[in-house]
Colleague: 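Pasting in a structure now, in structure tokens, and then I'll have a few things to ask.
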Amino acid sequence: MKIGLRIDVDTFRGTKTGVPNLCKILAKHNLNASFFFSIGPDNMGRHLWRLLRPAFFAKMLRSKAADLYGWDILLKGTFFPGPLIGKRLADVIADVSNKGHEIGLHAWDHYHWQTHIDTMDRQTIGRSLEKGYDQLMLITGKAPVCSAVPAWKCNNKVLLEKERFHFNYNSDCRGRSIFYPVVGGKKMSQPQIPVTLPTYDEVIGHKGVSAENYNDYIFSLIKPEELNVLTVHAEVEGIFCAEMFDQFLKKAQTKEISFGPLGSFLHGNIPVGKSSIEPGKISGRDGWISIQV
Ligand SMILES: [Zn+2]
């Protein structure tokens with residue numbers, strides 16, 4: 001049984017510290033994964049600062065956001081413009097590519113996308129994709145083969161704009177199976193490989209899930225006959241929960257679970273259906289996210 005392993009990199013700190021840590025852990029277990037990079041300014045501090053609202057404060061305390069992300073992330077871009085991740089940390093990103101991992105585009109500006117996507121027109125969306133795509137190509141010397149929108153915030157305008165790029169697939173939503181998205185009755189050309197499993201911050205502290213039993217909880221959600229895709233974050237599993245993630249990969253071996261980049265699912269002869277992507281809610285996450293329906 002194989003789990004698709006997706007690594008989201010949202011911040012400067014995640015790129016600088018979390019990514020090399022994850023590369024070491026993956027090398028130790030002889031694994032490859034898909035890395036989705038945020039490549040432009042790191043303004044995530046702005047985002048996390050805004051989240052200091054009562055509803056979110058509970059989650060901050062529950063997941064110990066400051067421990068999880070580090071205060072430097074919480075403050076990044078709050079008082080000063082955020083640093084350009086792709087410029088300052090190009091060597092880290094190039095190194096991941098040279099190690100043979102799959103390289104995908106996550107965002108130009110993660111914060112801007114997740115807070116403004118509802119009002120962005122096609123041109124703005126296209127420009128944001130283009131900036132990230134071009135910068136990644138400049139750094140790695142090859143075009144990114146896939147993409148994944150920040151915070152699972154996708155819409156039909158995004159899907160239409162992505163058609164201009166030659167992505168082998170996109171991973172823009174939560175769902176259950178690989179599918180071609182349909183927009184206005186028309187089937188798009190790039191398949192979607194949805195994420196099927198929850199992220200750390202969505203479940204920790206809920207329903208008795210703690211750091212002690214988190215790995216077992218994730219194993220319990222795996223469906224042997226179906227698509228399984230797990231997202232880990234460079235900021236979380238690469239730093240704060242690195243040891244726990246290492247244990248997860250180790251324990252998976254005893255369960256005969258293997259891991260691979262998401263693109264490896266496309267090599268088999270699996271049937272790819274059609275679905276649409278709609279906004280919906282999932283527990284543990286604030287606001288809407290894109291869901292396969
Ligand atoms: Zn992200």
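Order of appearance sets the numbers: ligands from 1, and atoms from 1 within every ligand. As the structure is a prediction and not an experimental result, all values here were calculated from the model.
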Colleague: For residues 89-110, pull every pair meeting salt bridge (Lys or Arg N to Asp or Glu O under 4.0 Å), keeping only residues two or more places apart or in separate chains.
Modeller: Asp95-Lys99
Colleague: If you check every N/O/S atom of His106, which is the one nearest the Zn ion (ligand 1)?
Modeller: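 For His106, the N, O or S atom at the smallest distance from the Zn ion (ligand 1) is NE2.
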Colleague: Measure from the Zn ion (ligand 1) to each N, O or S atom of Asp10 and report whether any distance is below 2.8 Å.
Modeller: yes
Colleague: Does the side chain of Lys223 come under 3.5 Å of the side chain of Thr196 through a donor N or O and an acceptor N or O?
Modeller: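 No, no side-chain donor-acceptor pair sits under 3.5 Å.
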Colleague: For Thr15 and Arg88, does a side-chain donor sit closer than 3.5 Å to a side-chain acceptor?
Modeller: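 No.
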Colleague: So, of the N/O/S atoms that His110 has, which is the nearest one to the Zn ion (ligand 1)?
Modeller: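 Of all N, O or S atoms in His110, the Zn ion (ligand 1) lies closest to NE2.
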Colleague: Out of Arg174, Lys281, Lys207, which residue meets the salt bridge (charged side-chain N to carboxylate O under 4.0 Å, His left out) rule with Glu202?
Modeller: Arg174
